[in-house]
Amino acid sequence: MFSPEGPTLRELAVQALSSVEHGYDLLAPKFDHTPFRTPDTILDAVASALDGLGPFDDGLDLCCGTGAGLDVLERVCRGSVTGIDLSAGMLEVARQRTGGGDGQTGPRVSLVRGDARALPFAATATAGPAFDLVVSFGAFGHFLPDELPGLFAQVHCVLRPGGRFAFPVVAPARPGTRAYWALLGFDAVMRVRNAVWKPPFVMYYRAFRLADVRRELTYAGFDVETRALPEFGQRPDGSPRCRLVVATRTPAEPAVSSG
Ligand SMILES: C[S@@+](CC[C@H](N)C(=O)[O-])C[C@H]1O[C@@H](n2cnc3c(N)ncnc32)[C@H](O)[C@@H]1O
């Protein structure tokens with residue numbers, strides 16, 4: 001799971017006792033050597049699926065970390081590519097990876113420090129909302145279920161009408177499997193940790209459920225569909241192991257003439 005360049009157990013423990021922001025600041029230099037970074041197999045499968053939905057102009061990677069999803073956006077977007085993350089340390093690694101200077105990393109990649117729950121990309125009267133595509137990888141476990149409506153409303157605000165919010169969702173582990181017990185155990189440990197230790201480190205694997213996500217996206221004003229990512233095959237019951245959720249901001253209603 002962890003390569004020799006990855007964090008030691010002690011380093012992970014110190015990070016897990018910090019806040020989300022500070023924990024990722026500490027982890028940042030070694031993050032790309034952990035299993036927490038989204039694997040290239042998932043990034044490639046998502047990029048292929050998005051290729052068929054594009055072309056897109058301006059893209060945003062929500063909770064970009066060290067920039068895994070920025071590579072996807074660079075492949076499928078013709079215009080600007082922006083990453084936003086809470087952790088300055090993660091953004092610094094992303095900046096080094098994408099090879100640029102202050103804030104502006106490459107000719108078209110910008111990195112912004114900010115909270116996904118209060119996005120700093122307000123629509124302007126002249127330019128309107130900023131993005132045609134928002135992606136996110138591996139970060140929804142950091143949001144409690146009651147934060148999803150606010151999070152999805154933020155994404156809806158920054159997308160142009162017809163714009164897409166896309167992210168992969170892996171099928172939940174089947175009860176009784178090793179993965180099931182491992183994730184259950186992880187979440188239980190985090191709940192105990194958050195009950196007895198401040199600041200909290202919100203990270204729960206089993207809290208982000210497809211049915212709830214679909215419902216909350218619909219409430220936020222999206223048309224929601226899911227597409228199987230065929231690269232990951234099917235479970236014994238025939239359902240996909242991994243899907244791409246594609247939520248489309250409903251195009252604006254045409255103005256109705258009164259006269
Ligand atoms: C597991 S990492 C995933 C990083 C990257 N997307 C990837 O797939 O490799 C989760 C990231 O979410 C960021 N994050 C957590 N809560 C956030 C919030 N409220 N706003 C912005 N970023 C947040 C963390 O700082 C961290 O970089």
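Keep in mind it's a predicted model, so treat the numbers as computed, not measured.
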Give me the ring orientation class for Phe208 and Phe140: parallel if the planes are under 30° apart, tilted from 30 to 60°, perpendicular past 60°.
parallel
Indicate yes or no for a side-chain donor-acceptor contact from [X] to the backbone of [Y] under 3.5 Å, with no hydrogens or angles considered.
X	Y	value
His142	Met203	no
Asp187	Arg206	yes
Gln154	Leu119	yes
Asn194	Phe201	yes
Glu216	Val213	no
Ser239	Arg235	no
Ser136	Leu62	yes
Arg108	Gly79	yes
Thr177	Ala173	no

[X] side chain to [Y] side chain, donor-acceptor N/O pair below 3.5 angstrom:
X	Y	value
Asp32	Thr66	yes
Ser87	Asp85	no
Gln96	Glu92	yes

Let me confirm one number: the [atom1]-[atom2] distance from [X] to [Y], rounded to the nearest 0.5 Å.
X	Y	atom1	atom2	answer
Arg193	Arg191	CZ	CZ	13.0 Å
Cys64	Met90	SG	CE	8.0 Å
Leu26	Phe31	CG	CZ	13.5 Å
Lys30	Gln15	NZ	CD	8.5 Å
Leu148	Tyr219	CG	OH	13.0 Å
Phe167	Arg243	CZ	CZ	12.0 Å

With a 4.5 Å cut-off on side-chain heavy-atom distances among I, L, V, M, F, W and Y, is there a chain of contacts connecting Tyr180 to Val170?
no
Shared hydrophobic cluster, Phe232 / Leu43 (ILVMFWY, side-chain heavy atoms < 4.5 Å):
yes
Verdict with reasoning, Thr250 to Phe222, per side chain to side chain contact (heavy atoms under 4.5 Å, CB included)
CA-CA 6 Å; Thr250 319; Phe222 289 99; 5.8 Å; no
Checking side chain to side chain contact (heavy atoms under 4.5 Å, CB included) for the pair Asp44/Ile42: CA distance, chi angles, key distance, verdict?
CA-CA 5 Å; Asp44 289 342; Ile42 293 191; over 6 Å; no
Whether [Y] and [X] form a salt bridge (side-chain N of Lys/Arg under 4.0 Å from carboxylate O of Asp/Glu) is what I want to check.
X	Y	result
Asp223	Arg249	no
Asp57	Arg160	no
Arg117	Glu147	yes
Arg174	Asp237	no

In the structure I gave you, are the side-chain heavy atoms of Asp132 and Arg78 within less than 4.5 Å of one another anywhere?
no
Report the C-alpha separation of Ser80 and Asp58 in whole Å, then their side-chain angles, then the decisive distance to 0.1 Å, and conclude whether the side-chain hydrogen bond (donor to acceptor under 3.5 Å, both in side chains) test is met.
CA-CA 5 Å; Ser80 67; Asp58 303 308; 2.9 Å; yes
Any chance you could lay out the side chain to side chain contact (heavy atoms under 4.5 Å, CB included) test for Leu60 and Ile84, step after step, and finish with the verdict?
CA-CA 8 Å; Leu60 174 68; Ile84 185 164; 4.0 Å; yes
Working note: Leu244 + Val169, criterion side chain to side chain contact (heavy atoms under 4.5 Å, CB included); need CA distance, chi angles, decisive distance, verdict.
CA-CA 6 Å; Leu244 184 68; Val169 174; over 6 Å; no
